[in-house]
Amino acid sequence: MKTYLLIAGYDYYPARSTGDWIDCYDTEEEATEAMNALKNVDDDYGADWYDIIDLKKWMCDDDH
């Protein structure tokens with residue numbers, strides 16, 4: 001199961017629903033490599049922000 005979710009946005013405000021979800025990856029390193037690849041494709045108009053979420057940790061967190 002791929003549990004590292006890459007989200008990224010091209011505007012200051014997040015998109016609705018899952019509009020900012022890029023993909024899920026097996027490792028945090030794979031997600032980071034994917035984000036770097038997105039940056040390299042379009043440096044001028046790359047994502048303004050991004051985050052990599054460890055879904056295993058998020059699902060087990062009592063605060064959510």
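Treat the numbers as computed from the prediction; the structure is a model and nothing was measured.
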Measure across [X] and [Y] and return the closest heavy-atom pair with its distance rounded to 0.1 Å.
X	Y	answer
C24	L55	SG-CD1, 4.3 Å
D20	G9	OD1-CA, 4.0 Å
K2	D26	CG-OD1, 3.1 Å
T3	K56	OG1-NZ, 3.6 Å

Q) What is the distance from atom CG of D23 to atom CD of E30, rounded to the nearest 0.5 Å? A)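 If I round to the nearest 0.5 Å, the distance is 10.0 Å.
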
(Q) Quick check for you: to the nearest 0.5 Å, what is the distance between L5 atom CG and T18 atom OG1? (A) 9.5 Å

Q: Among T32, I7, I22, find the one that has a side-chain contact (heavy atoms from CB on, under 4.5 Å) with I52.
A: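 With I52 as partner, side-chain contact (heavy atoms from CB on, under 4.5 Å) holds for just one option, T32.
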
Q: Please test E28 against D54 for side chain to side chain contact (heavy atoms under 4.5 Å, CB included), starting from the C-alpha separation and ending with a verdict.
A: CA-CA 8 Å; E28 186 173 0; D54 180 351; over 6 Å; no

